[in-house]
Asks: 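One structure is given below, represented as structure tokens, and several questions about it will come after.
In what follows, chains are A, B, ... by sequence order, proteins preceding strands, each numbered from 1.
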2 protein chains.
Amino acid sequence: MIFTTKAEYGVRLLVELGRQANDAPVSLKAIAENEGLPLAYLERIVALLKRADLVESTRGAHGGYRLARDPESVTMDEVVLALEGSVAPMSCFVDETDDGRVLCSHVDDGEACATKFLWLRVQGGVTEALRRTTLAELVAFSAKQDVAQSAETLGSALPLHSAA
Amino acid sequence: MIFTTKAEYGVRLLVELGRQANDAPVSLKAIAENEGLPLAYLERIVALLKRADLVESTRGAHGGYRLARDPESVTMDEVVLALEGSVAPMSCFVDETDDGRVLCSHVDDGEACATKFLWLRVQGGVTEALRRTTLAELVAFSAKQDVAQSAETLGSALPLHSAA
DNA sequence: CTTAATCCTACCAATGCGGTAGGAGAAACC
DNA sequence: GGTTTCTCCTACCGCATTGGTAGGATTAAG
Ligand code: FES
Ligand code: FES
């Protein structure tokens with residue numbers, strides 16, 4: 001259960017844009033150098049964000065990208081959805097009907113698989129966690145920088161140990 | 001963000017075991033045929049469950065597997081952890097210190113990456129959803145599905161969720 | 001007209017995943 | 001004892017995806 005680096009890099013890109021308070025567009029090159037990420041790969045990632053109208057672009061010299069909306073109104077579920085294409089805990093969840101209903105591919109004679117119940121809960125937990133996190137929050141967090149991640153950070157986190 | 005089929009098959013295997021109320025061990029072959037899953041693959045999966053003491057085995061003819069604990073006490077976070085090895089929304093989360101603290105691999109001069117805050121929340125949401133779901137719950141759910149199915153075949157259809 | 005930037009698309013190596021194959025022990029039955 | 005039926009173990013393999021690169025076309029500032 002691991003998001004791809006598209007989500008990681010994309011979110012980081014947005015945070016980087018959010019840190020620039022002014023309206024001047026920021027070039028990808030600057031972001032790539034700032035975050036130590038491959039420029040060519042970032043180009044493909046930012047295209048996803050633009051397609052979702054989360055980012056505006058200005059072409060040509062002195063061009064770049066800027067946020068299309070107020071950082072406080074940008075929730076992470078939109079962002080991750082735009083970057084990853086779907087927020088699904090199991091592969092059968094990627095194909096959804098128009099209403100967002102999951103169509104269970106493991107159906108035998110009208111009997112839904114027992115796991116559907118579980119994955120729906122997990123999906124709900126993820127999207128809820130994503131939805132209640134705004135871009136502005138992440139920007140503020142990154143501004144705090146070397147302040148130790150105190151109870152505020154770890155409060156809602158319940159880390160698990162890997163036994164293996 | 002997708003779990004592998006190890007989680008899917010493993011949970012389904014446990015549910016199948018949970019449906020057997022008696023103490024007689026169930027062979028993997030029976031489960032594989034019942035669920036339409038490859039037997040050889042299930043063997044490797046059930047090994048993970050046994051290593052986590054979620055399942056007991058009896059070798060030899062008429063042998064098989066049975067639940068090692070009461071289904072009500074088995075929470076899905078243990079199960080998924082045993083099957084997947086870790087519950088991590090990002091690859092940097094798989095390596096943890098002894099205390100379960102995440103060691104951030106993208107650290108620039110003491111500054112943690114802005115995304116850590118987000119992924120910690122997501123991880124928390126997932127583990128919370130997993131922890132509050134017990135195996136007994138899933139067994140009950142799958143039993144309800146059967147009732148719905150048999151009722152459907154008898155002509156008195158009771159719609160659990162109407163199809164779109 | 002040069003330069004700096006966004007765009008677009010094809011390509012590529014590596015990794016992991018889902019699955020297979022072939023056995024070696026262990027217990028029940030005849 | 002031999003056969004059958006299981007659990008166990010480990011190596012192998014095709015395939016899809018991921019993360020990343022290459023190369024160029026387009027647009028606009030200076
Ligand atoms: S096939 Fe995954 S929910 Fe039914
Ligand atoms: S590198 Fe992922 S949390 Fe910092």
Side-chain angles (χ1 to χ4, degrees), chain A residues 1-13 17 24-52 54-66 68 83-86 88-92 94 105-106 164, chain B residues 1-13 17 24-66 68 83-86 88-92 94 105-106:
Chain A
M1 208 279 304
I2 285 183
F3 285 100
T4 69
T5 58
K6 279 188 212 153
E8 172 85 14
Y9 296 175
V11 170
R12 208 171 287 192
L13 195 156
L17 290 183
V26 184
S27 75
L28 268 197
K29 191 184 176 190
I31 295 182
E33 289 175 353
N34 216 0
E35 295 276 345
L37 302 177
L39 170 63
Y41 192 31
L42 270 190
E43 288 182 354
R44 273 173 26 196
I45 291 176
V46 80
L48 301 170
L49 296 173
K50 191 186 178 187
R51 203 172 308 162
L54 288 166
V55 138
E56 289 171 351
S57 66
T58 313
R59 301 188 64 165
H62 288 286
Y65 296 90
R66 79 180 68 83
L83 290 166
E84 297 281 345
S86 69
M90 198 51 62
S91 56
C92 57
V94 297
S105 52
H106 293 145
Chain B
M1 209 281 302
I2 286 182
F3 284 100
T4 69
T5 58
K6 279 187 212 151
E8 172 87 13
Y9 295 175
V11 171
R12 208 171 287 192
L13 196 156
L17 290 183
V26 184
S27 76
L28 269 197
K29 191 183 175 191
I31 296 183
E33 288 176 353
N34 217 357
E35 295 276 344
L37 302 177
L39 170 63
Y41 192 31
L42 269 191
E43 289 181 353
R44 274 172 26 196
I45 290 176
V46 81
L48 301 171
L49 295 174
K50 192 187 178 186
R51 203 172 308 163
D53 289 322
L54 288 166
V55 138
E56 288 173 352
S57 67
T58 312
R59 302 186 65 165
H62 288 288
Y65 296 89
R66 79 179 67 83
L83 290 166
E84 297 280 346
S86 70
M90 196 54 59
S91 55
C92 57
V94 296
S105 51
H106 293 145

Asks: Could you state the atom-to-atom distance from CD of E33(A) to P of dA4(C) in whole Å?
Replies: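 It is 12 Å, rounded to the nearest whole Å.
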Asks: Compare side-chain N and O positions of S57(B) against OP1 and OP2 of dC8(D) and report whether any pair is under 4.0 Å apart.
Replies: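 Affirmative; the distance criterion is met.
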Asks: Provide, to the nearest angstrom, the distance between the CD atom belonging to E43(A) and the P atom belonging to dT26(D).
Replies: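 That distance rounds to 16 Å.
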Asks: Looking at Y9(B), I'd like to know whether one of its side-chain N or O atoms comes within less than 4.0 Å of OP1 or OP2 on dC17(C).
Replies: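 Result: no.
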Asks: Provide, to the nearest angstrom, the distance between the OH atom belonging to Y41(A) and the P atom belonging to dG20(D).
Replies: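 Roughly 6 Å, once rounded to whole Å.
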Asks: Tell me the interatomic distance from I2(B), atom CD1, to dT18(D), atom C1', rounded to whole angstroms.
Replies: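 Atom-to-atom, I2(B) to dT18(D), this comes out as 13 Å.
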Asks: Closer than 4.0 Å, any side-chain N/O of K50(A) to the OP1 or OP2 of dT6(C)?
Replies: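 Checking K50(A) against dT6(C): no side-chain N or O falls below 4.0 Å of OP1 or OP2.
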Asks: Expressed in angstrom and rounded to an integer, what is the separation of F3(A) atom CZ from dG19(D) atom C1'?
Replies: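 Nearest whole value for this atom pair: 18 Å.
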Asks: For V94(B) versus S86(B), what's the shortest heavy-atom pair and its separation?
Replies: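 Residues V94(B) and S86(B), closest heavy atoms: CG1-OG, 3.7 Å.
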Asks: Please report the shortest heavy-atom distance between P25(A) and G64(A), naming the atom on each side.
Replies: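 It is CB-C, 3.6 Å.
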Asks: So, OP1 or OP2 of dG19(D): does either fall under 4.0 Å of a side-chain N or O from T4(A)?
Replies: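 True: T4(A) side-chain N/O within range (under 4.0 Å) of dG19(D) OP1/OP2.
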Asks: Indicate whether OP1 or OP2 belonging to dC29(C) is found under 4.0 Å from a side-chain N or O atom of H62(B).
Replies: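 True: H62(B) side-chain N/O within range (under 4.0 Å) of dC29(C) OP1/OP2.
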Asks: Check Y65(A) against L17(A) and note the closest heavy-atom contact, atom names and distance.
Replies: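 For Y65(A) and L17(A), the tightest heavy-atom pair comes out as O-CD2, 3.5 Å.
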Asks: What residue among V46(B), L83(B), V26(B) forms side chain to side chain contact (heavy atoms under 4.5 Å, CB included) with L13(B)?
Replies: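 Exactly one candidate clears the test, V46(B).
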